[in-house]
Amino acid sequence: MEFGIFLNGFIPGMAAHHRPSEHLALMRELDIAIKADKHNWKYVWFGEHHSLTEYSHMSAPEVAMGYVAARTERIHLGTGINSLSPRKEHPVRYAERAAMLDHITEGRFEWGTGRGAGSHELKSFNIMDPSSTKAEWDEVAPEIVRMWEQYDYEFHGEHFTVPTPHNILPKPYGHSHPPIWMACGNPPSFAKAGSLGIGAIAFNFEPIFELKGRIDQYKEAAADPKQILGDFQNNNVMMTNTVICLNDRKRAREIAMHAGLGYLITLVNLYHDTMPKSMDERTWPTPPIAFSDLGGDEILDEIIKAGLMLCGTPDEVCEQVAAYQTVGCDQLVFGMTGGMTFDEHLEMIELFGDKVIPEFDSNPEHSTSIYRRNAAGPKYPSHNNPVPEDLKHTVLPPSAILPLES
């Protein structure tokens with residue numbers, strides 16, 4: 001099992017309305033990603049949301065990725081997620097940015113896609129019916145692969161067109177294209193992602209034993225994919241959760257018991273109205289309830305047992321992570337937790353990375369890199385590729401690219 005972090009630009013309280021504080025919070029999240037690169041974490045996912053005050057100020061993840069890419073060496077950077085409605089942006093722009101990020105990261109980019117998770121942000125782009133984005137995703141996603149591979153791309157669709165042949169540039173870095181993922185919220189979407197041969201980005205809104213059915217649906221479909229979307233199958237289920245892993249067990253549990261931990265959930269329930277609400281259904285501005293008010297240690301232990309949160313020392317968290325391995329999760333990803341200081345987040349990144357991850361992930365190579373390396377070849381051959389076949393995977397010397405100085 002592999003591990004990652006999820007950055008969303010979560011800026012609670014008055015800091016969200018104070019520009020210097022907003023800047024500090026955003027830069028600190030990027031510093032967390034840079035630190036994770038040095039402590040065995042394999043993935044960092046960057047949310048993309050629009051006009052969601054406090055919950056997410058990460059509206060342009062590709063910009064943040066360029067900053068982090070220049071300061072990291074190993075960690076993969078993923079969009080979580082690019083919503084693909086052509087009413088938001090022409091699909092050519094998705095293909096261009098993804099391919100450019102693939103170059104900037106030298107193959108460390110992961111392309112996470114979806115429809116958008118809430119009506120409020122969709123309305124930012126004059127999209128009034130959230131259900132209308134399903135057909136748009138179905139049309140756009142496979143066309144991005146064609147844009148990456150063909151030198152004479154042309155398309156006349158229901159939702160967008162490229163009316164005459166165009167060479168969409170740049171082409172992705174190296175062999176094949178970035179791994180493709182899809183956000184999954186309900187059981188049918190897990191099966192859909194598996195049948196398309198792409199990874200599932202999932203969110204933990206229910207006890208872990210109830211997640212197994214969704215993961216099983218994905219794995220059953222992935223065992224015999226009907227139509228692989230790209231050049232290769234990305235057989236991966238990623239699940240997000242909360243972790244509070246500190247050397248000080250008492251402090252870790254204090255953070256978990258505090259109402260600040262639930263504040264983020266009230267914002268999720270407010271903005272993500274196309275997804276199931278949390279079990280308590282508390283929605284901003286209704287204040288969250290602290291576990292300390294519901295029964296203290298006893299209720300916290302039940303929450304941990306159900307897999308809705310990981311909390312404690314590295315040894316305790318190792319036992320809790322094992323449950324996710326049991327239900328078939330391939331990648332476990334953690335968001336930034338409310339109630340923790342910046343220094344505690346840094347401690348958690350180092351401690352979990354050094355003490356927990358090696359117990360579950362001993363392979364230095366990313367699973368998605370292995371899948372990509374084994375891609376057989378382009379899914380959509382071009383009829384106008386100017387590069388001879390024997391040079392397609394060759395790095396030409398500068399003298400063959402740039403004129404020599406006199």
If we ignore hydrogens and angles and just use 3.5 Å, is the side chain of H177 paired with the main-chain N or O of W148 as donor and acceptor?
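Here the side-chain-to-backbone pair does not exist.
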For the aromatic rings, using the six-membered ring if either is Trp, is the centroid distance between [X] and [Y] under 6.0 Å?
X: F125; Y: H50; value: yes
X: H49; Y: H272; value: yes
X: Y153; Y: H166; value: no
X: F109; Y: H103; value: no
X: F155; Y: F160; value: yes
X: W111; Y: Y94; value: no

Mark yes or no: K171 above the aromatic ring of Y151, with NZ or CZ under 6.0 Å from the six-membered ring centre and no more than 45 degrees from the axis.
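Because its charged atom sits under 6.0 Å from the ring centre and within 45° of the axis, K171 does stack over Y151.
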Give a yes/no verdict on a cation-pi contact between R373 and Y371, requiring under 6.0 Å between NZ or CZ and the six-membered ring centre and an angle within 45° of the axis.
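R373 over Y371 ring: no.
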Run the side chain to side chain donor-acceptor pair (under 3.5 Å) test against E96 and tell me which residues pass, sequence neighbours left out.
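Scan of E96 (side chain to side chain donor-acceptor pair (under 3.5 Å), adjacent residues dropped) gives R93.
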Are E302 and K305 ion-paired here, with the side-chain N under 4.0 Å from a carboxylate O?
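Here E302 does not pair with K305 in a salt bridge, since their nearest N and O are not under 4.0 Å apart.
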Test: R97 and D102 ion pair at under 4.0 Å:
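The answer is no: the pair does not qualify as a salt bridge.
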ring-ring contact (aromatic ring centres under 6.0 Å, His included) involving F6 - partner list, sequence neighbours excluded
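Partners of F6 by the ring-ring contact (aromatic ring centres under 6.0 Å, His included) criterion come out as none, since no residue qualifies.
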Which residue in the set E121, R115, K88 passes side chain to side chain donor-acceptor pair (under 3.5 Å) when paired with S83?
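Exactly one candidate clears the test, K88.
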Do the rings of H76 and H366 sit parallel, tilted or perpendicular, given the 30° and 60° boundaries?
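Parallel, since the angle between the ring planes stays under 30°.
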Whether W45 and W181 hold their rings parallel, tilted or perpendicular, with breakpoints at 30° and 60°
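Rings of W45 and W181: perpendicular, as their planes differ by over 60°.
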